[in-house]
Amino acid sequence: MAEELKDRKDVPAELTWDLSKIYATEEDMFRDAEKMEKLAQSMVEKYRGKLNTPENIEACVTEYRQVYELMTLTGNYCDLAVSVDYYNSYNQERLGKISRLSARIQSSLSFVKSEILEQDEEIIKKAIEISNGNNHFLEDILRDKPHALHPEAERVISALSQSIYSAPYEIYNIAKLADMKFDPFTVNGKEYPLGYTLFEDDYEYEPDTDVRRAAFDAFSKKIREYENVTAAAYNTNVQTEKTMATLRGFDSVFDYLLFGQKVSRELYDRQIDLITEKLAPHMRKYAKLIQKVHGLDKMTFADLKLPVDPGYAPEVTIEASREYIEKGLSVLGEDYVDMVHTAYEERWVDFAQNKGKSTGGFCASPYGKNSFILMTWNNKMSDVFTLAHELGHAGHFKSCNSTQTIFDTDVSCYFVEAPSTMNELLMAHYLLKTSDDKRFRRWVLACMIGNTYYHNFVTHLMEAAYQREVYKLVDAGSSVQADTLSNIMRETLQKFWGDAVEINEGAELTWMRQPHYYMGLYSYTYSAGLTVATQMCKRIEKEGDGAIGDWKKVLAAGGTLAPVELAALAGIDITTDAPLLDTIETIGAMIDEICELTEELG
């Protein structure tokens, strides 16, 4: 049974990450904050009004890079502390202080890009020629030229960046992680504790139907109390994006958001349209199997996370997970395994369950430091896959951070989920080779469908399909309220699941549960990354070391290549439908095999 969450102060230190790997003390962080402020002031004095030669441009951008590195370190140090305890007001105030300082610095240095943009292209191209690590940064400035505003407008936007871009997401997180207090719920005379992470990490997988559905109802009832403030925060976010798109001369908010990803509208729409059409029949078959296996009277949205074989899912301790992951990812080489070992030994991972902690998982990789992985450990094999996923991000940025300048580590989010989902697939393929037992094989395949592919090709894809409809309304000049968002989400889910799943009351509130909506067009990129990962994993299975060598080149390339070029470096042509269609067929074949094995096993 799920247990009441602890306060952060009561969590054992060994379950938490070690932020002293960024700064040994808070004083060290503030010293760097002061250093970056003074460096920025010096840059204004030295370079403002003088970025009219290639040499000055190169010298200025090199110093700008130093400021950016310090801003990344101080920002991560403060933000990561808040992410594990939204009840800690001191950490929130410290983050606010650093964020405001960063906004002031960005505003004071907005002249860098603006002045460079005012120069003749020949001067910028000459600066690119003599550049030492700044060439892609300058190339992106050239690319931005048609959408640049007057320098004073750019300065004002930079000064307002904290309130313009961060406030909606901060309001969302405060409402979700600090203000929402969940009451326990009762089933058959027994009381059960409830919380955001307890629901998403425990009750959604609870085999007892009465408890699972009651938890869903209680959870939905509580978050519905916050639907209007959440909708207001989200509407502010999307309206801001639309305003910026218009100011910068983009025809639509889609064009504006995809411009930064270096991805065409065609690639974006393809992911949503093909998966919604082609994958839906396979997933409906999987839902029917879940209903049959569990003997459910009906299949509801609250039942979709149920495992095919709940009696077979082994519990896995944090220590035991190490062997699984080190062996599962050993195909990527000794250096990669060493990184995994270090991650455990040096506390890169925050495993703790506590009140006020962010839900889900993420990996932050501040430049020049190790990665920091947030997750919640529940002793399930799904946690092993989650950790392998986040270590995929860690391995990716360990490689590109050590190879590229900080400017060239900003990988397009279209591609950034490929290394992470790749690790999940490698884990599953490793497990499949460890036993010939049919029940074990079904369990591994079901983990791939129920976790890796469901999470990335269904959960996040439904978010993306919903999000696209929201942005269509915003492009047309409309605003969005809670009822509108719930109606769009309900229709999106109904279209995908058809008659196979009842979209019960509360399912329409799924739009309230994910932070991805505050990150532009991010949700669809999970399926895009997993498409590349599936094809790459097939290459590794067939070709071995040659394919692994290609993959390592991709990881090291960072942001020096656009998504289509990164995929090409991996031997995958994402300009065609073929990789996505083949991935959908692969998912369908796995579901067919799970159904066949279920029949054989009785």
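All of these numbers come straight from a predicted model, not from anything done at the bench.
- Asp309 meets the side-chain hydrogen bond (donor to acceptor under 3.5 Å, both in side chains) test with Arg439, Arg442; sequence neighbours excluded.
- Counting heavy atoms from C-beta on, the side chains of Gln514 and Tyr522 never come closer than 4.5 Å.
- Identified under the side chain to side chain donor-acceptor pair (under 3.5 Å) test for residues 398-414, with sequence neighbours left out: His136-Asp408.
- For Asp383, there are no salt bridge (charged side-chain N to carboxylate O under 4.0 Å, His left out) partners at least two apart in sequence or on another chain.
- In this pair, Tyr466 and Tyr234 present their aromatic rings parallel. The plane angle is below 30°, not in the 30 to 60° band.
- Listed by first and then second residue, the ring-ring contact (aromatic ring centres under 6.0 Å, His included) pairs involving residues 350-383 are Phe351-Trp377 (not counting sequence neighbours).
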Show every donor-acceptor pair shorter than 3.5 Å between a side-chain atom in residues 84-91 and any protein atom, with sequence neighbours excluded, or say none if there are none.
unit_1 : atom_1 : unit_2 : atom_2 : d
Asp85  : OD1    : Tyr87  : N      : 3.1
Tyr86  : OH     : Asn173 : ND2    : 3.3
Asn88  : OD1    : Tyr90  : N      : 3.1
Asn88  : OD1    : Asn91  : N      : 2.9
Tyr90  : OH     : Glu26  : OE1    : 3.0
Tyr90  : OH     : Glu26  : OE2    : 2.7

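- Side-chain polar atoms of Tyr226 and Asp179 form no donor-acceptor pair below 3.5 angstrom.
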Next on the checklist: What verdict does the ring-ring contact (aromatic ring centres under 6.0 Å, His included) test give for Tyr68 and Phe137, after you've listed the backbone C-alpha separation in whole Å, the side-chain angles of each residue and the deciding distance to 0.1 Å?
Outcome noted: CA-CA 12 Å; Tyr68 189 31; Phe137 176 83; 8.2 Å; no
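- For residues 223-240, the salt bridge (Lys or Arg N to Asp or Glu O under 4.0 Å) pairs, not counting sequence neighbours, are Lys222-Glu225, Arg224-Glu505, Arg224-Glu508.
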Under 3.5 Å, sequence neighbours excluded: what are the donor-acceptor pairs made by side chains of residues 527-534?
unit_1 : atom_1 : unit_2 : atom_2 : d
Ser527 : OG     : Gln271 : NE2    : 2.9
Ser527 : OG     : Tyr524 : O      : 2.9
Thr531 : OG1    : Ser527 : O      : 2.7
Thr534 : OG1    : Tyr453 : OH     : 2.8
Thr534 : OG1    : Leu530 : O      : 2.7

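- Take Tyr526 and apply the side-chain hydrogen bond (donor to acceptor under 3.5 Å, both in side chains) test, not counting sequence neighbours, and it matches His516.
- Checked against ring-ring contact (aromatic ring centres under 6.0 Å, His included), Phe301 has no partners two or more places apart in sequence or in another chain.
- Between Asn378 and Gln353, the side chains place a donor N or O and an acceptor N or O closer than 3.5 Å (distance only, hydrogens not considered).
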Item to check | Stepwise side-chain hydrogen bond (donor to acceptor under 3.5 Å, both in side chains) test for Tyr471 and Glu241 | outcome: CA-CA 10 Å; Tyr471 280 122; Glu241 289 169 330; 2.5 Å; yes
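- Residues that satisfy the side-chain hydrogen bond (donor to acceptor under 3.5 Å, both in side chains) test with Asn228, not counting sequence neighbours, are absent from this structure.
- Looking at Asp28 and Thr25, their side chains do bring a donor and an acceptor atom within 3.5 Å of each other.
- In this structure, Lys176 does not pair ionically with Glu200, as no charged nitrogen and carboxylate oxygen lie closer than 4.0 Å.
- Relative orientation of the Trp443 and Tyr312 rings is perpendicular, given thresholds of 30° and 60° on the angle between their planes.
- Aromatic ring pairs are classed by plane angle as parallel below 30°, tilted from 30° to 60° and perpendicular above 60°; the pair Phe415 and Trp551 is tilted.
- For Asp183, the side-chain contact (heavy atoms from CB on, under 4.5 Å) test picks out no residue, with sequence neighbours left out.
- Looking at Arg8 and Thr16, their side chains come closer than 4.5 Å, going by heavy atoms from C-beta outward.
- The aromatic rings of Tyr169 and Tyr172 lie parallel to each other, their planes meeting at an angle below 30°, with 60° marking the opposite boundary.
- Taking the side-chain hydrogen bond (donor to acceptor under 3.5 Å, both in side chains) definition, one finds that Lys327 meets it with Glu323, sequence neighbours left out.
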